[in-house]
Amino acid sequence: MLEIQRLRSDKEGVIIGLSKRNIDPTKTINDILEMDGLWRENKTQLENISAELNQLSRKIGDCFKNNNHDEALLLKNETQELKAKEAVLKAHVDELDSKITTMLYSLPNVPHVDVIQGRLPDDNQLIESQGELPTFSFTAIPHWDLAKKYQLIDFELGVKVTGAGFPFYRGKGAKLQRALIAFFLDEADKAGYEEFIAPLLVNEASGIGTGQLPDKEGQMYYAPEDELYLIPTAEVPLTNIYRDVLLPNEDFSIKLTGYTPCFRREAGSYGKDVRGLNRLHQFDKVEIVRIEHPKNSEKALNEMVSHVRNLLIKLELPFRILRLCGGDMGFASAMTFDFEVYSAAQDKWLEVSSVSRFDTYQSNRLKLRFKDADKKSKLCHTLNGSALALPRILAAMLENNQTPEGIKIPSILQPYTGFAVIN
RNA sequence: GGUGGGAUGGGUGAGUGGCUGAAACCAACAGUUUGCUAAACUGUCGUACGGGUAACUGUACCGCGAGUUCGAAUCUCGCUCCCACCGCCA
């Protein structure tokens, strides 16, 4: 969530920034600031009364010690009225506090200055297009048919055992998954990210920490018996490692990575977009997460973009990088780059990675801070990105690399798969 | 699943109603001493929010939430989590 101090000191800047998301937060912000003023006023009064009560109590204690019971009784009576006032003010202050927090939660992050206003995916800025789009002398087969033909993925079996969106990978399909995961993790390791194997279920506090809760609980699978949520991305457990953490100095750069399956209910999606591997309830992903000093987050974002870019180049997939417009960005993001690979048979660009900086928006909720040189606590910046999500990579790879003789495996992956062709 | 024990500052841990925002030790930081390292000595050392240009000051916080009391880390109740042992088990 946004810092209240930012609203106090730069209200106009926040309003202008948020207008890039095509929303007008003026009323909300005015309401927040009005309540904030009221809150501070009442809070001061409350604290004064508490101070008075504390003093009285001390006096009463002294009286008892000096055997001055009469005066103690008099003073006791004095506290009654103050205590009543205190209770009323306390309730008022608490109510204002929670109203302010709720309203702050309702405001999305302010887009970075370089982010342009826009409404639709069409408004996103094309940053780079890389690699030749494949052409075929035959009719290209979509990946769901290729997967069937070569017995790589069994969607029907998944339906039988679990339901739609939970495929089985088998044979070379399964090996290819394992190869991709190992390849992505090795690359992240080379880039200095520490590997974690994280829990796949998280508690409510973690869901709140990274912002899935309370609003988006419909997107997560939930185990009510134990009050645990299945993770929608490794971002949740990895980032929550640093929930309620105060780093001791400003000399830090934390780089984490982890492979996990991801579980998403995807309530409300339907149609041809969900065909085959395009949208699943369970899929595999390697995530990279960074926690940085504010002055380093721009550099970190660039490094992450170039890391993902290199992965796609090594995998020989044609891709493009888009900088999302204000209207297409996630709620918590200040700037997002989407990576899309071209999938030949579907003639479609498929999103395979989303790399974002959140600035202090996430860390404010997480209470993730560091001590600066002046010994003051400041919020860290967080960033994360997929590097990469597997299913659509697999879809593009199958479709783009198909030949009448079989599907070619990119040379970088062959040491991992142990085979060069699927046939 | 059963039975016990516990939750205090970065760590260990003292603290059963006011002198406790909290002893002591360790760690950390700054300094003195020292040929270097080490040791020793001295000092500093929780977080959040409010007020103040600032020095500073007020309030809250001893797992969480309620209660008793003029006053709660300390007493009462509820909850959560952790640990140990037993059972079961990859």
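Just so you know, these numbers use all the heavy atoms, side chains as well, and skip hydrogens, waters and symmetry mates. Reminder, nothing fancy here: chain letters follow the sequence lines and each chain counts from 1. Because the structure is predicted, anything quoted here is derived from the model rather than measured.
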(request) Compute the ring centroids of A/Phe263 and A/His281, then answer whether they are less than 6.0 Å apart. (result) no
(request) For the pair A/Asn310 (side chain) and A/Ser306 (backbone), establish whether a donor and an acceptor sit closer than 3.5 Å, ignoring hydrogens and angles. (result) yes
(request) For B/rG71 versus B/rG18, give the span between their P atoms, rounded off to a whole number of Å. (result) 14 Å
(message) Roughly how many Å apart are B/rA22 and B/rC41, using the P atom of each and rounding to a whole number?
(response) 25 Å
(request) Just name whichever nucleotide pairs with B/rA40, Watson-Crick or G-U, keeping both distances under 3.5 Å, else none. (result) B/rU32
(request) Report the nucleotide, chosen from B/rG58, B/rC49, B/rC70, that has the shortest atom-to-atom distance to any side-chain atom of A/Trp39. (result) B/rC49
(request) Using Watson-Crick or G-U wobble geometry with both distances below 3.5 Å, tell me the partner of B/rC88, or none. (result) none
(request) Measure the distance from CG on A/Asp94 to P on B/rU59 and round it to the nearest whole Å. (result) 18 Å
(request) Provide the distance between the two C1' atoms, one in B/rG9 and one in B/rU44, to the nearest whole Å. (result) 15 Å
(request) Searching all strands shown, indicate the nucleotide that pairs with B/rG71 (Watson-Crick or G-U wobble; both distances under 3.5 Å). (result) none
(message) Between B/rA40 and B/rG4, how far apart are the two P atoms, rounded to whole Å?
(response) 46 Å
(message) Side chains of A/Gln117 and A/Asn22 only: does a donor on one sit below 3.5 Å from an acceptor on the other?
(response) yes
(request) Provide the Watson-Crick or G-U wobble partner of B/rC49, both distances under 3.5 Å; none if there is no partner. (result) B/rG58
(request) Return the value, rounded to whole Å, for the distance between atom CG of A/Leu53 and atom C1' of B/rU69. (result) 13 Å
(request) Using the C1' atoms only, state how far B/rA28 lies from B/rC45, rounded to an integer number of Å. (result) 8 Å
(request) Return yes if some donor-acceptor pair links the side-chain N/O of A/Asn124 with the main-chain N/O of A/Cys325 below 3.5 Å, else return no. (result) yes
(request) Please report the closest heavy-atom contact between A/Ser386 and A/Val308, naming both atoms and the distance. (result) O-CG2, 3.6 Å
(request) Quickly work out the A/Phe370 CZ to B/rG46 P distance and round it to whole Å. (result) 19 Å
(message) We want to know whether A/His381 and A/Glu292 form a side-chain donor-acceptor pair, criterion being a heavy-atom distance below 3.5 angstrom.
(response) no
(request) Summarise how protein sits on nucleotides 77-83 of chain B as a single string, 5' to 3': B when a protein heavy atom is under 4.0 Å from the base, S for sugar-phosphate-only contact, - for no contact. (result) -------
Polar atom pairs between nucleotides 15-19 of chain B and protein, under 3.5 Å, N or O only, would you list them?
residue: B/rG18; atom: N2; partner: A/Ser57; partner atom: O; Å: 2.7

(request) For B/rU76, give its Watson-Crick or G-U wobble partner with both distances under 3.5 Å, or none. (result) B/rA66
(request) For A/Leu75 and for A/Leu246, locate the closest nucleotide of RNA chain B by heavy-atom distance; then report the residue assigned to the nucleotide nearer the 5' terminus. (result) A/Leu246
(message) When the C1' atoms of B/rU20 and B/rC62 are compared, how many Å lie between them, rounded to an integer?
(response) 11 Å
(message) Tell me whether A/Lys99 is salt-bridged to A/Asp97, with the criterion being a basic N under 4.0 Å from an acidic carboxylate O.
(response) no
(request) Measure from CD on A/Gln55 to P on B/rU59 and round the result to the nearest Å. (result) 8 Å
(message) Under 4.0 Å from OP1 or OP2 of B/rG71: is there any side-chain N or O of A/Lys83 that close?
(response) yes
(request) Using a cut-off of strictly less than 4.0 Å, decide whether A/Asn54 has a side-chain nitrogen or oxygen near OP1 or OP2 of B/rA60. (result) yes
(request) Identify which nucleotide among B/rG50, B/rA48, B/rC70 has an atom closest to any side-chain atom of A/Gln80, counting heavy atoms from C-beta outward. (result) B/rC70
(message) From CG of A/Asn77 over to P of B/rC70, roughly how many Å is that when rounded to an integer?
(response) 10 Å
(request) Kindly point out which of B/rC49, B/rC70, B/rG58 is positioned nearest to the side chain of A/Thr79? (result) B/rC70
(request) Could you check how far CG of A/Asn249 sits from C1' of B/rG10, rounded to whole Å? (result) 13 Å
(request) Give a yes or no on whether a salt bridge exists between A/Lys190 and A/Glu187, defined as a side-chain N under 4.0 angstrom from a carboxylate O. (result) yes
(request) Determine the Euclidean distance between corresponding P atoms of B/rU74 and B/rG67; express it in Å to zero decimal places. (result) 14 Å
(message) Does a side-chain N or O of A/Arg40 approach OP1 or OP2 of B/rG51 to a distance below 4.0 Å, or not?
(response) yes
(request) Would you check if there is a donor-acceptor pair between the side chains of A/Gln362 and A/Thr382 at a distance under 3.5 Å? (result) yes
(message) Does the structure show a Watson-Crick or G-U wobble partner for B/rG10, both distances under 3.5 Å? Name it, or say none.
(response) B/rC26
(request) Identify whether the distance between the nearest side-chain nitrogen and carboxylate oxygen of A/Arg290 and A/Glu303 falls below 4.0 Å. (result) yes
(request) Figure out the CG/C1' separation between A/Asp244 and B/rG9, and round it to whole Å. (result) 15 Å
(message) Under a 4.0 Å threshold between the charged nitrogen and the carboxylate oxygen, would A/Asp94 count as salt-bridged to A/Lys90?
(response) yes
(request) Write down the distance between CD (A/Glu78) and P (B/rU69), rounded to a whole number of angstrom. (result) 19 Å
(message) Under a 4.0 Å threshold between the charged nitrogen and the carboxylate oxygen, would A/Asp62 count as salt-bridged to A/Arg58?
(response) no
(request) Between A/Glu47 and A/Lys378, name the one whose nearest nucleotide on RNA chain B is closer to the 5' end. (result) A/Lys378
(request) Using the P atom on both, measure B/rC64 against B/rG11 and round to a whole Å. (result) 15 Å
(message) Return the pairing partner of B/rC82 with a 3.5 Å limit on both distances, Watson-Crick or G-U wobble; otherwise return none.
(response) B/rG5
